[in-house]
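Okay, structure first, notes after.
The figures here come from the full heavy-atom set of this structure, side chains too, leaving out hydrogens, waters and symmetry mates.
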Amino acid sequence: MAKRTSNSALGAAGALALALATALPAMAQEKPQYGGTLTTTTVNPTLSVLTWDPTDWNWKINQDSGQVYEQLFAADLTKAKRLGGKHSFFADAWLPSDAIRGELAESWEWKENPLRIEIKLRKGIMFPAKTGVMEARELVADDVVFSYTRLDTSPKRIPTYFDHIEKVEATDKHTVVFTFKHFFSEWDYRFGWGYYSAVFPKEVVDAGPANWRNVNGTGPFMVTNFMQGNSVTYDKNPGYWDKVSIDGAEYKLPFVDRLVTRTIKDESTQHAALRSGQIDMLEWVRWSAVDELKKSAPQLQWSRWLATVGTFLSMRVDTKPFDDIRVRRALNYAVNKQEIVESFYGGNAELFAYPQHIDYVGYFEPLEAMPDSVKELFTYDPEKAKKLLAEAGYPKGFSFKTQVCACNPDHMELLPLVAAYLEQVGVKVEIQPMEYAAFLSAMTTKTHTAGYFMDNGHTNPTTTIRKSFMTKQTWNPSMWADPEYDKRIQAFYEERDEGKRQEMIRQMTREIVDAAPYIWLPTRYQYTAWWPWVKNYGGELRAGAVRPGPIYARIWIDQELKKKMGF
């Protein structure tokens with residue numbers, strides 16, 4: 001058993017009980033079957049692989065390489081609601097403390113003077129042989145130190161990300177010690193099971209980590225083919241170490257021989273592929289397509305979940321006219337957000353669920369509990385908007401450019417609606433659709449336009465504030481910069497008492513919403529669909545930070561049922 005500390009030490013990334021977005025009945029477990037191919041799309045079905053190198057610090061790396069590269073910790077999927085547990089594992093990057101298991105780590109323990117955490121690695125975990133890259137060998141503590149160090153020294157490193165760590169060292173072949181400068185409530189998320197937590201061998205780096213042919217990790221699958229914009233094929237790692245217990249019997253993972261993740265940019269093509277059985281699972285389905293799919297393919301299984309991203313139009317506060325809070329508030333008043341919930345989303349959205357997600361119990365406050373000045377931002381009042389614009393010196397309005405990703409069909413429909421609302425108060429929006437790579441690059445290099453229309457992951461209760469509103473952070477499209485706010489972010493990270501930390505974050509959330517760096521928009525509900533032959537699955541999406549790999553490893557395909565159903 002892993003040695004654990006109190007919830008306060010586990011931190012915001014893992015200290016809360018997840019409030020579930022949907023209720024799936026517990027399912028009787030069936031006897032697993034080996035073999036076959038699982039073909040799926042991820043929750044980002046339109047986006048191909050952006051990089052294979054973990055030190056590129058790209059948010060999507062775990063989605064693509066998390067089947068191959070493992071981490072110190074992962075979700076304990078035995079706690080899934082379908083198995084009688086209380087977690088649905090929908091969150092993009094938040095694991096409750098009672099649902100974390102050691103993956104590469106066998107045990108971990110806090111020690112004092114100096115403050116440090118000692119992690120014992122599992123013995124006998126192997127990197128498989130890879131032609132032209134490496135011979136088969138055991139994972140050792142030096143691999144963890146190497147992976148961390150290369151991340152920390154990457155020129156693409158997120159500023160301040162590892163500033164709480166004094167040093168990382170291997171004290172013996174299977175022991176890694178992280179020594180801290182001070183307590184940090186996200187310690188487990190930052191380099192344990194987070195976005196940038198992959199453990200990889202030096203041999204891959206020497207061979208060229210950006211080349212998919214060189215990717216090689218300890219995970220349940222190995223990359224065997226990659227077609228940019230089309231698919232990634234992963235074959236079973238026959239030497240994979242992990243097992244799963246089902247009805248008292250242990251089974252070696254993974255169950256399927258092959259995993260294929262498809263990139264399908266056209267939404268109707270996604271639906272056709274699902275209906276025809278070309279894909280077994282479609283992890284992201286817009287609410288507007290659900291009724292038709294249920295009619296045309298009534299045997300599909302479904303789960304409904306509140307999106308783990310916030311949608312907004314960011315306004316650069318370092319440019320005019322958005323340096324004036326009156327302008328920013330006016331644009332919020334000008335957009336009929338309740339009408340968007342009812343008409344655009346057909347009621348399948350929450351008016352207010354960002355920057356804190358409603359699942360974050362203790363951190364999230366509903367709109368009715370917010371100050372009146374916050375409530376006003378979600379109340380349609382175009383006359384008040386015009387008045388504020390006039391007071392700010394724009395009685396006839398103004399125009400500005402807004403970039404949007406052409407990869408997101410929801411945004412391509414929603415942004416023109418938002419622009420139409422703004423035009424009614426004299427503000428004109430020039431919409432600039434972009435391909436994802438260029439769209440992301442514009443923000444990360446801070447060359448984006450005054451407006452920037454995007455989804456941003458909630459991540460977890462603390463990161464959602466830090467990454468979006470701390471000075472010079474990568475995911476800060478509004479260019480928010482407030483030294484006092486930065487100090488308070490650092491303070492809540494160092495606060496060990498979770499109750500106090502929750503109150504600090506609630507207050508900071510109220511303040512940033514009130515300051516209106518974004519046009520805050522509703523958070524939509526989304527759906528996942530899969531065929532009945534997909535077994536040992538109940539809609540789970542992430543076993544860490546945007547990492548489905550451990551979930552895929554536990555799925556098996558009932559090949560006889562698939563044949564009986566005519567596929």
Side-chain angles (χ1 to χ4, degrees), residues 3-19 73 91 93-100 108-118 158-168 178-197 354-365 369-371 457-473 475-476 480-515 545:
K3 298 178 182 177
R4 304 194 185 195
T5 59
S6 65
N7 283 352
S8 61
L10 279 168
L16 304 175
L18 188 63
F73 310 112
W94 185 53
L95 294 181
S97 59
D98 65 343
I100 296 175
W108 55 101
E109 184 176 12
W110 280 99
K111 296 188 176 182
E112 301 284 343
N113 301 318
L115 182 65
R116 62 199 188 279
I117 189 162
E118 184 178 277
I158 293 177
T160 76
Y161 204 79
F162 291 133
D163 284 3
H164 59 289
I165 295 177
E166 179 69 39
K167 61 181 177 179
V168 180
F178 287 74
T179 301
F180 287 65
K181 297 176 183 176
H182 51 77
F183 176 76
F184 190 74
S185 61
E186 274 189 5
W187 72 269
D188 53 337
Y189 161 72
R190 287 295 174 93
F191 193 75
W193 53 264
Y195 282 99
Y196 315 111
S197 303
Y354 184 80
Q356 298 295 339
H357 196 281
I358 62 174
D359 287 351
Y360 299 159
V361 178
Y363 295 88
F364 174 78
E365 289 184 292
M370 286 283 168
H458 291 77
T459 308
N460 60 52
T462 47
T463 291
T464 192
I465 296 294
R466 185 269 307 164
K467 72 173 180 176
S468 301
F469 307 112
M470 193 171 188
T471 304
K472 294 184 179 180
Q473 289 289 287
W475 296 89
N476 182 353
W480 193 261
D482 180 343
E484 288 304 312
Y485 202 78
D486 293 349
K487 289 179 183 177
R488 292 165 65 195
I489 290 174
Q490 187 61 35
F492 71 55
Y493 276 125
E494 295 182 23
E495 176 56 59
R496 293 188 182 223
D497 185 291
E498 186 177 22
K500 292 179 181 178
R501 193 162 65 240
Q502 288 174 341
E503 175 50 39
M504 294 165 76
I505 293 170
R506 288 196 300 266
Q507 180 60 35
M508 294 180 71
T509 300
R510 294 178 207 124
E511 292 175 14
I512 200 66
V513 175
D514 201 28

request  = Evaluate side-chain contact (heavy atoms from CB on, under 4.5 Å) for Y485 paired with I465, printing each intermediate quantity in order.
outcome  = CA-CA 10 Å; Y485 202 78; I465 296 294; 3.8 Å; yes
Is it true that a side-chain atom of [X] and a backbone atom of [Y] form a donor plus acceptor pair closer than 3.5 Å?
X	Y	answer
T509	I505	yes
N476	M470	yes
K467	H458	no
D188	G192	no
E186	T463	yes

Looking at [atom1] of [X] and [atom2] of [Y], how far apart are the two atoms once the value is rounded to the nearest 0.5 Å?
X	Y	atom1	atom2	value
K167	R116	NZ	CZ	9.5 Å
W480	S468	CH2	OG	12.5 Å
E498	E503	CD	CD	13.0 Å
Q507	R488	CD	CZ	6.5 Å
R496	H182	CZ	NE2	11.0 Å
D497	Q502	CG	CD	9.0 Å

Report task. Inspect the surroundings of NZ in K181 and state if more than 12 heavy atoms from other residues, nucleotides or ligands are less than 6.0 Å away. Result ->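 Yes, NZ of K181 has more than 12 neighbouring heavy atoms, counting only those of other groups under 6.0 Å.
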Flag the pair [X] / [Y] as yes when at least one side-chain heavy-atom distance between them is below 4.5 Å, and no otherwise.
X	Y	value
M370	V513	no
R510	M508	no
E365	Q356	no
D359	F364	no
I165	V168	yes
T459	W94	no

What is the minimum heavy-atom distance between [X] and [Y], and which atoms define it?
X	Y	value
Q473	I158	OE1-CG2, 3.7 Å
I117	F180	CG2-CE1, 3.8 Å
P355	T464	O-OG1, 2.8 Å
S185	F492	OG-O, 3.9 Å
E495	F183	O-CE2, 3.8 Å
S197	Y189	OG-O, 3.7 Å

Is it the case that the ring center of [Y] lies less than 6.0 angstrom away from the ring center of [X]?
X	Y	result
F178	W187	no
Y196	F191	no
F73	W108	yes

Practice task
Any chance you could lay out the side-chain hydrogen bond (donor to acceptor under 3.5 Å, both in side chains) test for T471 and D486, step after step, and finish with the verdict?
Solution key: CA-CA 7 Å; T471 304; D486 293 349; 2.6 Å; yes
Quiz item: Is the shortest distance from a Lys or Arg side-chain nitrogen in K487 or E484 to a carboxylate oxygen in the other one below 4.0 Å?
Solution: yes
Tell me whether the guanidinium CZ or amine NZ of R190 lies under 6.0 angstrom from the six-membered ring centre of F162 and within 45° of its axis.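 Geometry flag: not set, cation outside 6.0 Å or 45°.
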Discussion item. Checking Y161 against R466 for the side-chain contact (heavy atoms from CB on, under 4.5 Å) test, could you report, in this order, the C-alpha distance in whole Å, the side-chain angles of both residues, the deciding distance, and whether it holds?
Written reply: CA-CA 10 Å; Y161 204 79; R466 185 269 307 164; 3.7 Å; yes
